[in-house]
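Bear in mind the structure is a predicted one, so any value in this text is a computation, not a measurement.
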Amino acid sequence: MNTSLRRRLFVWVGAGIFVVGLLAAALSFAIEYDQAHKLQDKQLTEVAAVLARNPLPTTALSFEPKGRGDSVTHLVIKRLGTTAPDVDAGTGLAMAEPLRPGLQTIEQGEVRWRAIVSQDATGQRFAVAQRV
């Protein structure tokens with residue numbers, strides 16, 4: 001009987017430790033995921049603020065990723081207000097009107113983008129986006 005009691009106690013304590021560890025891991029992931037989104041939003045806001053101080057260049061810049069990491073981490077800057085959506089072959093992101101000013105999430109296919117829409121010094125609307 002003594003062995004049986006120890007065995008049951010061991011199973012219950014082990015299960016409790018496992019459940020608490022699982023909950024702690026899930027909570028830690030949720031907090032850090034939220035912090036990553038806040039950091040990304042701050043970065044996009046800062047880039048848009050820098051670009052808003054001057055007129056945007058009139059020529060479009062193309063992006064050719066050298067690896068998978070490049071296409072996931074780089075920022076996409078697009079002029080808005082044209083009749084046809086501007087599609088970047090390197091990223092596959094098309095931003096068509098109407099996008100509201102400020103931060104927003106754009107979903108295209110199975111890819112989620114976080115974007116901010118702002119205006120430059122001449123009033124030209126633009127968007128700065130990055131994959132989530």
Handout entry: Approximate separation, where rounding is to 0.5 Å, of Leu23 CG and Phe18 CZ
Key = 10.0 Å
Practice task
Find out whether Val128 and Phe126 are in side-chain contact, i.e. whether some heavy atom of one side chain is under 4.5 Å from a heavy atom of the other.
Solution key: yes
Practice task
Describe, in one word, how the ring planes of Tyr33 and His37 are oriented to each other, choosing from parallel (under 30°), tilted (30 to 60°) and perpendicular (over 60°).
Solution key: perpendicular
Practice task
Say whether Trp12 and Leu22 are linked into one hydrophobic cluster, either directly or through other cluster members, by side-chain heavy-atom distances under 4.5 angstrom.
Solution key: no
Handout entry: Check: Leu51 and Asp120 side chains under 4.5 Å, non-hydrogen atoms
Key = no
Handout entry: Within-4.5 Å side-chain heavy-atom neighbours: Thr122 and Asn54
Key = no
Practice task
Check whether any side-chain heavy atom of Arg100 sits under 4.5 Å from a side-chain heavy atom of Val117, and report yes or no.
Solution key: no
Completion exercise
Taken to the nearest 0.5 Å, the spacing of Leu44 CG from Trp113 CH2 works out to 11.0 Å
Exercise for the section: For Ser28 and Ala24, indicate whether the former's side chain and the latter's backbone hold a donor-acceptor pair under 3.5 Å. Expected result: no
Exercise for the section: Starting at CG of Leu80, measure out to NZ of Lys78 and round the result to the nearest 0.5 Å. Expected result: 10.0 Å
Handout entry: Minimum heavy-atom distance Pro55-Ala121, with the two atoms named
Key = N-CB, 4.1 Å
Handout entry: Spatial distance of atom CZ (Arg112) from atom OG1 (Thr105) [nearest 0.5 Å]
Key = 5.5 Å
Handout entry: Worked verdict on Ile106 versus Leu99 for side chain to side chain contact (heavy atoms under 4.5 Å, CB included)
Key = CA-CA 9 Å; Ile106 301 169; Leu99 291 176; 4.2 Å; yes
Practice task
Grab the two heavy atoms, one from Gln119 and one from Ala52, that are nearest each other, plus how far apart they are.
Solution key: O-CB, 3.1 Å
Problem - CZ on Arg114 to CG on Leu75, rounded to 0.5 Å - result: 14.0 Å
Practice task
Go through the side-chain N and O atoms of Gln130 and Gln40 and say whether any donor and acceptor fall under 3.5 Å apart.
Solution key: yes
